Novice: 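Next up is a structure, given as structure tokens.
Hydrogens, waters and symmetry mates are skipped; everything else that's a heavy atom, side chains included, is used. Quantities reported herein were computed from a predicted structural model and do not represent experimental measurements.
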Amino acid sequence: MVDNINILGSINLDREDTNSSEGGIKEQDRLLPIAIVGRIMKQILPQNAKLSKEAKETMQECVSEFISFVTGEASDKCHKEKRKTLNGNDICWALGSLGFDDYAAPLKRYLHRYRELEGDKANQNKAAVGNNSIEEKEKDELPNYRDREDPNSSEERGINEQDRLLPIANVGRIMNQILPQNAKISKEAKETMQECVSEFISFVTAEASDKCHKEKRKTLNGDDICWALGSLGFDDYAQPLKKYLHRYRELEEEKSNQNKAAAGNNSTEERGRDDQFLS
């Protein structure tokens, strides 16, 4: 088993150049999109609540590393069993192996239902192929044949999937970075991980939101995220994240001081130019 305390060991605190490829993996490939992480978090909060920038970035860092951590454990299982393709069972096993039994069991039920739906979809596709051959004959006989599908039939009710779930392409990209070059990830493994981490964000945010409500605060911050992780039993993960948050705030303060210094220099230069003009 991987040592739990290392879940955030690869945190990169320098977010100045998100497009730079120097020194390894690009930030946009290592981290989930912060706009979507924030959107999932906001869906959990009351309407009058607010989400600080540091809370979103703390959650972004935590969840992105969580994907890498679970994928690494699942990959080790595949390697020992001499398999190249990581599947949904491997993700569920990794969660249990890492001490997330309370989360592995519901995810196994999700995976079982997912496979049932995929089987139904496959059967429907086979039936559709047979129906298409019949429809082709009808089209030849009826030149004005038109598809009368209800244009509103695809309209989703409630929260859209794209708002509830993290983008599967981003999830898969982070997972791929952990696997050996010759390894593969099944579609069900990516979707199982997508479901897991999307619910993880909602779960932690709800706990943090309850804390804010009890303390009669409207803005959820990074400390609330760390507290929620500890409250939910993720003490081994809350501690490294507190260190990340401390360093994050130091860097933000340094950035603020640099901006103030730059603003002061600009005002001095402006006054110098005015003096030269007047002389």
Side-chain angles (χ1 to χ4, degrees), residues 7-8 11 13 15 18 27-28 30-70 95 100 102-103 106-107 109-110 155-171 174 191-253 255-256:
I7 185 172
L8 299 175
I11 281 179
L13 288 164
R15 298 189 179 204
T18 56
E27 284 293 285
Q28 62 264 36
R30 190 183 71 82
L31 297 172
L32 294 163
I34 193 165
I36 298 176
V37 171
R39 186 160 65 221
I40 294 173
M41 295 176 75
K42 284 180 180 177
Q43 290 172 0
I44 305 302
L45 301 179
Q47 287 186 346
N48 64 336
K50 296 180 181 179
L51 197 58
S52 70
K53 178 175 176 283
E54 74 168 27
K56 289 186 285 186
E57 294 207 13
T58 301
M59 181 68 82
Q60 178 196 36
E61 190 71 41
C62 177
V63 177
S64 299
E65 289 296 331
F66 181 82
I67 293 173
S68 299
F69 192 54
V70 175
L95 286 167
F100 300 117
D102 292 339
Y103 309 95
L107 204 62
R109 291 194 290 270
Y110 161 81
E155 185 176 340
E156 298 179 4
R157 296 180 180 179
I159 299 173
N160 293 330
E161 284 295 285
Q162 61 265 33
D163 293 333
R164 189 184 70 82
L165 297 173
L166 293 162
I168 196 164
N170 294 86
V171 173
I174 294 173
E191 295 206 13
T192 301
M193 181 69 82
Q194 178 193 37
E195 184 72 25
C196 174
V197 294
S198 299
E199 289 298 323
F200 179 84
I201 292 173
S202 300
F203 193 48
V204 175
T205 302
E207 188 75 4
S209 177
D210 287 344
K211 181 175 186 287
C212 288
H213 179 70
K214 290 176 183 177
E215 297 177 0
K216 297 180 180 180
R217 291 186 290 111
K218 288 186 177 181
T219 303
L220 191 148
N221 58 39
D223 289 323
D224 296 320
I225 300 299
C226 294
W227 178 88
L229 286 167
S231 176
L232 294 169
F234 299 111
D235 299 280
D236 291 337
Y237 310 95
Q239 293 305 317
L241 203 63
K242 286 178 182 178
K243 294 177 183 177
Y244 159 80
L245 182 59
H246 177 72
R247 182 60 182 146
Y248 169 86
R249 286 170 174 169
E250 286 182 338
L251 291 173
E252 286 295 300
E253 186 176 357
K255 192 187 299 182
S256 176

Novice: Determine the minimum heavy-atom distance between Thr58 and Gly222, stating which atoms define it.
Specialist: OG1-CA, 4.0 Å
Novice: With heavy-atom distances below 4.5 Å as the criterion, would you say the side chains of Ile40 and Ser202 are in contact?
Specialist: yes
Novice: Would you call Phe100 and Phe234 a side-chain contact if the rule is heavy atoms closer than 4.5 Å?
Specialist: yes
Novice: Of the non-hydrogen atoms in Pro167 and Ile36, which two are nearest, and what is the gap between them?
Specialist: CG-CD1, 3.2 Å
Novice: To check you understand the geometry: which heavy-atom pair defines the closest contact between Cys212 and Thr219, and what is its length?
Specialist: SG-O, 3.9 Å
Novice: Lys255 versus Glu252: any side-chain heavy-atom pair under 4.5 Å?
Specialist: yes
Novice: How long is the gap from CD1 on Ile34 to CE on Met59, to the nearest 0.5 Å?
Specialist: 11.0 Å
Novice: Where is the tightest heavy-atom contact between Ala55 and Met41, given as atom of each residue plus distance?
Specialist: O-CE, 4.1 Å
Novice: Can you measure from CG (Asp224) to OG1 (Thr205) and round to the nearest 0.5 angstrom?
Specialist: 10.5 Å
Novice: Mind checking side chain to side chain contact (heavy atoms under 4.5 Å, CB included) for Glu54 and listing every partner two or more places apart, or none if nothing turns up?
Specialist: Ser52, Asn221, Leu245, Tyr248, Arg249
Novice: Hey, mind stepping through Glu250 and Arg247 against side chain to side chain contact (heavy atoms under 4.5 Å, CB included) and telling me if it holds?
Specialist: CA-CA 5 Å; Glu250 286 182 338; Arg247 182 60 182 146; 3.1 Å; yes
Novice: With a 4.5 Å cut-off on side-chain heavy atoms, are Val63 and Leu31 touching?
Specialist: no
Novice: Heavy atoms, side chains only, cut-off 4.5 Å: are Leu32 and Ile67 in contact?
Specialist: yes
Novice: So which heavy atom on Glu191 is nearest to which on Tyr110, and how close?
Specialist: O-OH, 3.4 Å
Novice: Can you confirm whether more than 12 heavy atoms, excluding those of Lys42, are under 6.0 Å from its NZ atom?
Specialist: no
Novice: From Ile225 CD1 over to Gln60 CD, what is the distance, rounded to the nearest 0.5 angstrom?
Specialist: 12.5 Å
Novice: With sequence neighbours left out, what residues match Phe203 under ring pair (Phe, Tyr, Trp, His ring centres under 6.0 Å)?
Specialist: Tyr103
Novice: Got a sec, which residues hit side chain to side chain contact (heavy atoms under 4.5 Å, CB included) with Ala49, two or more places apart in sequence or on another chain?
Specialist: Leu45, Pro46
Novice: Are Cys226 and Tyr244 packed together at the side-chain level, in the sense that at least one heavy-atom pair is separated by less than 4.5 angstrom?
Specialist: no
Novice: CD of Glu215: more than 12 outside heavy atoms within 6.0 angstrom?
Specialist: yes
Novice: Would you mind checking if Lys56 and Glu61 are paired as a salt bridge, meaning a charged N to carboxylate O distance below 4.0 Å?
Specialist: no
Novice: Enter the distance from Phe200:CZ to Leu229:CG here, rounded to the nearest 0.5 Å.
Specialist: 5.0 Å
Novice: Within this structure, what is the OG-CD1 distance for the pair Ser64 and Ile174, rounded to the nearest 0.5 Å?
Specialist: 4.5 Å
Novice: Just verifying a value: how many Å separate Arg164 CZ and Arg39 CZ, rounded to the nearest 0.5 Å?
Specialist: 13.0 Å
Novice: Does a side-chain heavy-atom distance below 4.5 Å link Lys218 with Asn48?
Specialist: yes
